[in-house]
Protein chains: 2
Amino acid sequence: MAKHDNEEPWVTDDPRGAKSGKRATINDVARVARVSKKTVSRVINQSPFVKGDTRERVEKAIAELGFTPDPQARGLAFRRSFLVGLIYDNPSPTYVVNMQQGVLDALKGSGLELVVHPCNRNSETLIDDIRGFIERQRLFGVIMPPSMSEDERVIALLRELDCPYVRIASVSLDEPGSMVVTNDHLGAAEAARRLADLGHTRIGLVRGPALFRSSTVRGGGFREALAERGVPLNPDYEIEGAYTFESGVEAGHALLSMPNPPTAIFTLNDDMAIGVMQAARERGLELPRDLSVVGFDDLPMASRVWPNLTSVRLPIRDMGRMAAEKLLAPMRGLDPAKLDQPEVRPSLVVRKSDIPAT
Amino acid sequence: MAKHDNEEPWVTDDPRGAKSGKRATINDVARVARVSKKTVSRVINQSPFVKGDTRERVEKAIAELGFTPDPQARGLAFRRSFLVGLIYDNPSPTYVVNMQQGVLDALKGSGLELVVHPCNRNSETLIDDIRGFIERQRLFGVIMPPSMSEDERVIALLRELDCPYVRIASVSLDEPGSMVVTNDHLGAAEAARRLADLGHTRIGLVRGPALFRSSTVRGGGFREALAERGVPLNPDYEIEGAYTFESGVEAGHALLSMPNPPTAIFTLNDDMAIGVMQAARERGLELPRDLSVVGFDDLPMASRVWPNLTSVRLPIRDMGRMAAEKLLAPMRGLDPAKLDQPEVRPSLVVRKSDIPAT
DNA sequence: CTGAAAGCGCTTACAG
DNA sequence: CTGAAAGCGCTTACAG
């Protein structure tokens, strides 16, 4: 006789809970598999010291009962939770969301969850705040994108608390096992080659704040690649911005009001590129006819502004995934330093904002 | 004699840990305060059944030892974790990040943490996935912005699992205690009044997908307010888009290729507004001279495109905060339905994309 | 290779 | 108003 649908789902005879309605525990599994809970624990934790058929019996019971170990109980016993913290101060929503997504890609199926922790690097309570967060939650590990990844006070704290971490940055700041290095240098170099190939010789550069590593690295890559093409960068055409739209507007006016203004401008992020475009427009220039602009980041906005902005794209989501994989490596018996991960390769997305010099 | 800085921080005599280096536990507090751990527990959980001076002794000991209860241990005993889940499928990074920030604003100091859980509403495994997430983590509660908040399958699941939740939506879908209603209706009405005041009579409307509540609500608010001003909306000028840039481009071409095209277009989100602008430009129109455009969302992009886009802004961060406060209310002995929360008021941010009809 | 005991740091259920 | 015992669901440390 076929079993009809349960009308009272809370009175169930399905094998998931010995006592209906409650989740199966390690004790239920032990009873069904006729072993001690310690042996079940060994199977959960993939101990090699379990005989083949014992393991099979336990695995069968686990499947039958739909058992999943309780992370809180496990965490309490392990003195370490199953939570990964993402600590960041990056103001770009697109960056943050892509990074979160990448970390989640890697965490999927691992039983770990992602706890987000945005913060302000200039806050006086930053360190105490992070200390409280990590100590209280006994985090499994922490991932930090720039510019948090560049804060050595936080790194010292993490080491003191013995909390595993992976840093994402444009230069190698740590041992390979706890670093994902993003090739910003190469990305800026591609932008330089593009502008040189288009025949530009008077080229402006709008950098970011000097204390951001990315600014130094991107600026360096741009300058070097330009020099290789025999197009030296005129220092007068270099301006330090703040990585904001407004600072881009300002830098744009400064560059375009020069007696012999640049015919192309590379900005070290998209917000400033769009600021430069705004300045050009305010000065009555037509784009891209009177000025080529290239940005960095490839924000969604880049393909929406008019003319569509040529920009350097970094695989943010992949970077997040790679960082999380390094964090998980020890759990999987792997060496994070030797993980077979592809290099982070930036790519230049060519659109409509850059044209040949006239 | 002044104590010099510790050279060996792991051998410390600071009072934080009875045994140096280890965090203080409830037992340490009980010993110092000369009470049972149960009494300490009562103080932590704000039980009213503790005598005044006993409470003070315990609180002093807690402060002295820098004690914070371990959320994992507490969670295990409570059968409920101290994690709030944010479950969403919203594709806008700005929306997501602002919402997260608002939730975190409210969570600050509560000891709760935010676990993010983006998902795909069309996935076949959606329900099983969410079930696993909630059961495994024994979430304290869940917050769902649109369109997740509109999925009744998930709501049924949440009820079955007895997991508290708060929904954010443009209409009231639930009891007041578990709803934050965003006044999209009013926002769209303001846009309508603005265009009517500018003298436009041939007005286009680009809606979102019909199954999004926000599209129905915003569309309704726009239509009604327009009618009140005596400017009925020509049904031929209404088009359903997909809330994407591309669908905005398409809708823009459709509307602008009509024999007697609209002089103003309202789109129910910014991505489509910018798409309409792109279409206008592709057709050789000059903006805003030949076409006024108003959007909804006020993305960062809105103030970057040229001409700067007039748009309806919703206080996303406040909405996230309010939702989290409702979730926390019971913990604070409050009734979430009677929380003294300000109404969610949209505002029209007027910029440069809308001008008087000629 | 397997298990019985004790413990992780809290709370519930029960007494008094 | 307060506390001793048992328990939440796991793991560690120790035996065998």
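Since this is a predicted model, take the numbers as computed values, not measurements. Every chain is numbered from 1, with letters handed out A, B, ... down the list of sequences.
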Interatomic distance, [X] [atom1] vs [N] [atom2] [rounded to whole Å]:
| X | N | atom1 | atom2 | value |
| --- | --- | --- | --- | --- |
| A:Arg23 | D:dG9 | CZ | P | 9 Å |
| B:Arg42 | D:dG3 | CZ | P | 8 Å |
| B:Arg74 | D:dG9 | CZ | P | 18 Å |
| A:Glu56 | C:dT2 | CD | P | 12 Å |
| A:Lys38 | D:dC14 | NZ | P | 13 Å |
| A:Ile26 | C:dG7 | CD1 | C1' | 15 Å |
| B:Arg138 | D:dG9 | CZ | C1' | 8 Å |
| A:Gln137 | C:dC10 | CD | P | 13 Å |

- Message: Suppose we define a pair by two distances each less than 3.5 Å, Watson-Crick or G-U wobble; what does C:dA13 pair with here?
- Response: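 Per the H-bond distance test, none.
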
- Message: Pairing check on C:dA4: which nucleotide meets the Watson-Crick or G-U wobble criteria with it, both distances under 3.5 Å?
- Response: none

Sugar-phosphate, base or nothing in reach of [X], heavy atoms under 4.0 Å:
| X | value |
| --- | --- |
| B:Lys51 | sugar-phosphate |
| B:Phe82 | nothing |
| B:Phe49 | base |
| B:Asn45 | sugar-phosphate |

- Do B:Thr25 and B:Asp70 have side-chain atoms, one donor and one acceptor, less than 3.5 Å apart? no

- Could B:Asp174 and B:Arg167 be called an ion pair, given the rule that one side-chain N must be under 4.0 Å from one carboxylate O?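 B:Arg167 and B:Asp174: salt-bridged.
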
- Query: Thinking salt bridges, do B:Glu56 and B:Lys60 make one under a 4.0 Å N-O criterion?
  - Reply: no

- Message: Distance check, rounded to the nearest 0.5 Å: A:Leu327 atom CG versus A:Met322 atom CE?
- Response: 14.0 Å

- Within the structure, does a side-chain N or O atom of B:Thr25 lie under 4.0 Å from either OP1 or OP2 of C:dC8? no

- Note on the structure: Closest non-hydrogen atoms of B:Ala106 and B:Arg332, given as atom of the first, atom of the second and distance, are O-NH2, 4.0 Å

